[in-house]
Amino acid sequence: MLERSTAGRYFDGCLAAEIDLSHVNWILTANRVDRLPTPLLSRIDVVEVSGPGRDHAEVVLAGLWRAVARDVGLPPSALPRIEAAAETALLRLFRNTRSVRRLRRAIETVVAVSARNVPRTVN
């Protein structure tokens, strides 16, 4: 499907029909290029994209905070406020690991723990 000459006449088993994929642009992602097979590498252009750096910690934290709020169906302002020490710890975590996934899991944990400690009113 990556070669224009063969992609023009590709038989799709699910559709049980021949289709033209010659105008499809493929985007592949990989964490490590060195593990990709040589025949595949010969058919693609590799573009390396680095992750956010240590100096992007505040921006990443704010973006993930909004994403977590959106995923639970709330505006960011409706999430429990976190203490300055917790925010400092989250920023330190990202600066030390540069892992967006770990930071998101940590934010989700902070939100869950903070939500448990919010006083609730009974109607």
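Given the structure is predicted, the values throughout are model-derived calculations rather than measurements. The first residue of the sequence shown is numbered 1, and numbering continues consecutively from there.
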Quick one, I19 and L21 - any side-chain contact, counting heavy atoms below 4.5 Å? yes
Using a 4.5 Å cut-off on heavy atoms from C-beta on, say whether the side chain of L90 contacts that of I82. yes
Counting only N and O atoms by type, is there a donor-acceptor contact under 3.5 Å from the side chain of R98 to the main-chain atoms of G51? yes
With the side chain counted from C-beta on, respond yes when L103 and R101 share a heavy-atom pair under 4.5 Å apart, and no when they do not. no
Is it true that atom CG of D34 has more than 12 heavy atoms of other residues, nucleotides or ligands lying nearer than 6.0 Å? yes
Tell me, do Y10 and S22 make a side-chain contact under 4.5 Å, heavy atoms counted? no
Could you tell me if the side chain of R102 sits less than 4.5 Å from the side chain of L93, heavy atoms only? yes
Is there side-chain contact between R66 and R70, with at least one heavy-atom pair below 4.5 Å? no
Taking it one step at a time, do F94 and L61 satisfy side chain to side chain contact (heavy atoms under 4.5 Å, CB included)? CA-CA 8 Å; F94 180 77; L61 177 60; over 6 Å; no
Least distance between heavy atoms, R95 atom then R54 atom: O-NH1, 2.9 Å
Given the rule that I, L, V, M, F, W and Y join up when any side-chain heavy atoms are under 4.5 Å apart, are L2 and V33 in one cluster? yes
To the nearest 0.5 Å, how far apart are CG in L28 and CG in D45? 11.0 Å
Min side-chain heavy-atom separation R104-D71 under 4.5 Å: yes
If you compare all heavy atoms of M1 against all heavy atoms of W26, which two are closest, and at what distance to 0.1 Å? O-NE1, 3.4 Å
Are V24 and L15 co-members of a hydrophobic cluster defined by side-chain heavy atoms under 4.5 Å apart? yes
Under 4.5 Å between any side-chain heavy atoms of P52 and V100, yes or no? yes
Within the supplied structure, the quantity of interest is the number of heavy atoms (other residues, nucleotides, ligands) at a distance under 6.0 Å from E83 CD; does it exceed 12? no
Closest non-hydrogen atoms of D20 and H23, given as atom of the first, atom of the second and distance, are OD2-CD2, 4.0 Å
Basic-acidic side-chain contact under 4.0 Å: R92, E87: no
